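Letters go in sequence order (proteins before strands), and every chain restarts at 1. Remember, predicted model here, so these are calculated numbers, not experimental data.
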There are 2 protein chains.
Amino acid sequence: MSTTRQQIVEKTSILLERQGYHATGLNQIVAESETPRGSLYHYFPQGKEELAAEAIEFNAQQIAAHTRRSLAAYADPVAAIYHHLLAVAEHVASGNCSGGAPIAAVALETANSSERLRASCQLAYEAFRLPLEEKLLAGNFPAERAYALALTITAAWEGAMILSRTERSAQPLRIVAEEIRTFLLSGSPAPH
Amino acid sequence: MSTTRQQIVEKTSILLERQGYHATGLNQIVAESETPRGSLYHYFPQGKEELAAEAIEFNAQQIAAHTRRSLAAYADPVAAIYHHLLAVAEHVASGNCSGGAPIAAVALETANSSERLRASCQLAYEAFRLPLEEKLLAGNFPAERAYALALTITAAWEGAMILSRTERSAQPLRIVAEEIRTFLLSGSPAPH
DNA sequence: GTCTATACGGTGATAGAC
DNA sequence: GTCTATCACCGTATAGAC
């Protein structure tokens with residue numbers, strides 16, 4: 001797989017996360033990824049929409065993989081999820097981060113205007129939720145509970161990302177991580 | 001207060017909710033609000049940013065007022081919040097809605113590029129949270145719990161809005177509403 | 001595969017008449 | 001207060017040389 005192509009996709013995913021779809025121009029992508037101008041339409045003949053769709057799917061797979069690795073640190077699903085969320089919160093707080101809320105901006109901007117990008121975002125949110133759901137299932141949460149809880153965690157975390165970015169503070173992420181932990185504990189299946 | 005001016009602000013708030021900041025052009029605002037082209041820079045001499053800031057604050061006050069009215073229907077805060085969220089979910093499902101997630105798109109797009117709009121969004125999120133917090137306080141939740149819970153509800157609901165828009169289904173909103181109810185019940189202060 | 005040049009539409013914003 | 005005309009700029013996308 002071409003390095004140039006991969007560089008374009010990765011840089012695009014970062015810019016989309018930070019600025020959203022419409023604020024991210026192809027000129028900026030070419031400039032900041034330091035790739036040849038002529039390569040863009042060579043690798044992505046359908047233009048910006050095709051590139052954005054691929055960047056979103058790339059971003060989603062990266063996050064899903066990272067989440068699975070992170071959750072493997074604890075056998076107990078509640079502890080695993082709690083520590084995973086706290087680690088993400090501190091990573092955001094440290095500033096070494098594209099922004100948090102990896103695809104929310106694109107999802108909101110394009111849900112009504114591009115079926116292709118909407119579908120990519122839907123796949124991405126499933127990719128975010130699945131590692132959580134699997135971990136809860138492995139910890140003996142019933143299937144329906146695991147689904148509803150994983151969906152709720154995904155929603156609460158995405159919302160907390162928005163609040164933290166808006167307030168320029170990791171505090172909302174930290175608070176929501178605590179509340180999620182409390183909630184999961186209150187509904188944990190009895191150990192046997 | 002001038003009707004023309006108010007029409008511009010209201011239409012802008014709808015378009016920002018549906019499309020975000022960069023996808024919403026001044027031409028579209030003028031056209032769809034059916035206001036005179038010359039009025040825009042007459043009422044908003046600082047241009048698009050000033051108009052957007054006012055639209056966000058208008059939207060926030062509207063939602064806060066609606067939330068307070070809606071929460072007044074039940075004395076018990078858990079029941080009040082639950083029924084309020086369900087009503088919003090069905091309103092979104094009905095389609096008579098600008099989109100849900102009133103300011104999330106703008107918040108994400110502008111958090112890193114416009115201090116003014118970031119500040120407006122921060123105020124808006126406080127306006128969303130306060131009615132919930134007040135209701136919980138009135139129901140004898142301790143102050144710190146009321147704050148953390150109201151913040152978490154705000155985050156989870158904003159995230160659920162994004163998921164529902166992306167999936168084109170009110171199901172995420174309904175599920176998250178149920179989970180929030182369960183969570184609040186598990187942590188309710190003992191009645192006396 | 002990559003480059004340069006360019007077409008063409010739309011953007012926010014301004015000037016000046018009325 | 002409102003209208004029209006116009007500005008300079010930037011967006012995506014394309015054509016054709018190399």
- Task: Give, ordered by number, those residues of residues 10-22 of chain A having at least one heavy-atom distance below 4.0 Å to an atom of DNA chain D; if nothing qualifies, reply none.
- Result: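 Nothing qualifies; none.
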
- Any pair counted as ring pair (Phe, Tyr, Trp, His ring centres under 6.0 Å), so long as it reaches residues 151-177 of chain A, sequence neighbours left out: none

- Task: Sorted by first residue and then second, give each ring pair (Phe, Tyr, Trp, His ring centres under 6.0 Å) pair with at least one member in residues 128-154 of chain A; sequence neighbours left out.
- Result: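 Residue pairs with at least one partner in residues 128-154 of chain A: Y125(A)-F128(A).
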
- Taking only heavy atoms on the protein side, list every residue of residues 101-119 of chain A lying under 4.0 Å from any atom of DNA chain C, sorted numerically.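 Residues of residues 101-119 of chain A under 4.0 Å from DNA chain C: none.
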
- Which is true for T35(A) with a 4.0 Å heavy-atom rule: it touches a base, it touches only sugar-phosphate, or it touches nothing? nothing

- Message: Among residues at least two apart in sequence or on other chains, which ones pass ring-ring contact (aromatic ring centres under 6.0 Å, His included) with Y74(B)?
- Response: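 Result, ring-ring contact (aromatic ring centres under 6.0 Å, His included) vs Y74(B): H83(B).
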
- Identify, with sequence neighbours excluded, every residue that meets ring-ring contact (aromatic ring centres under 6.0 Å, His included) alongside H42(B). none

- dT2(C) phosphate, OP1 or OP2, under 4.0 Å from S39(A) side-chain N/O: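 The answer is yes; a side-chain N or O of S39(A) sits under 4.0 Å from OP1 or OP2.
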
- Pairs where residues 79-97 of chain A contributes a residue and the test salt bridge (Lys or Arg N to Asp or Glu O under 4.0 Å) is met, not counting sequence neighbours: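 Listed once each, the pairs are E90(A)-R174(A).
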
- Name all pairs fulfilling the salt bridge (Lys or Arg N to Asp or Glu O under 4.0 Å) condition that reach into residues 17-32 of chain A, sequence neighbours left out, sorted by first residue then second. K11(A)-E32(A)

Could you tell me the separation between the [atom1] atom of [X] and the [atom2] atom of [N], rounded to a whole number of Å?
{"X": "I29(B)", "N": "dG10(C)", "atom1": "CD1", "atom2": "P", "value": "17 Å"}
{"X": "R5(A)", "N": "dT2(C)", "atom1": "CZ", "atom2": "C1'", "value": "16 Å"}
{"X": "E50(B)", "N": "dA13(C)", "atom1": "CD", "atom2": "P", "value": "10 Å"}
{"X": "H42(B)", "N": "dT4(D)", "atom1": "NE2", "atom2": "P", "value": "17 Å"}
{"X": "E34(A)", "N": "dC3(C)", "atom1": "CD", "atom2": "P", "value": "13 Å"}
{"X": "N27(A)", "N": "dC9(D)", "atom1": "CG", "atom2": "C1'", "value": "12 Å"}
{"X": "R37(B)", "N": "dT6(D)", "atom1": "CZ", "atom2": "P", "value": "14 Å"}
{"X": "L40(B)", "N": "dT4(D)", "atom1": "CG", "atom2": "P", "value": "15 Å"}

- Salt bridge or not for E134(B) and R68(B), using N-O below 4.0 Å?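 Yes, this pair counts.
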
Mind checking what makes side-chain hydrogen bond (donor to acceptor under 3.5 Å, both in side chains) contact with [X], not counting sequence neighbours?
{"X": "N27(B)", "value": "R37(B)"}
{"X": "E126(B)", "value": "none"}
{"X": "T182(A)", "value": "none"}

- Could you tell me whether the side chains of T24(B) and Q19(B) share a donor-acceptor contact shorter than 3.5 Å? yes

- Would you mind telling me which residue lines up with the more 5' stretch of DNA chain D, Y43(B) or T24(A), judged by nearest nucleotide? Y43(B)

- Query: In the 5'-to-3' direction, what one-character label does each nucleotide of nucleotides 13-18 of chain D receive under the scheme B = base within less than 4.0 Å of a protein heavy atom, S = sugar-phosphate only, - = no such atom?
  - Reply: BB----

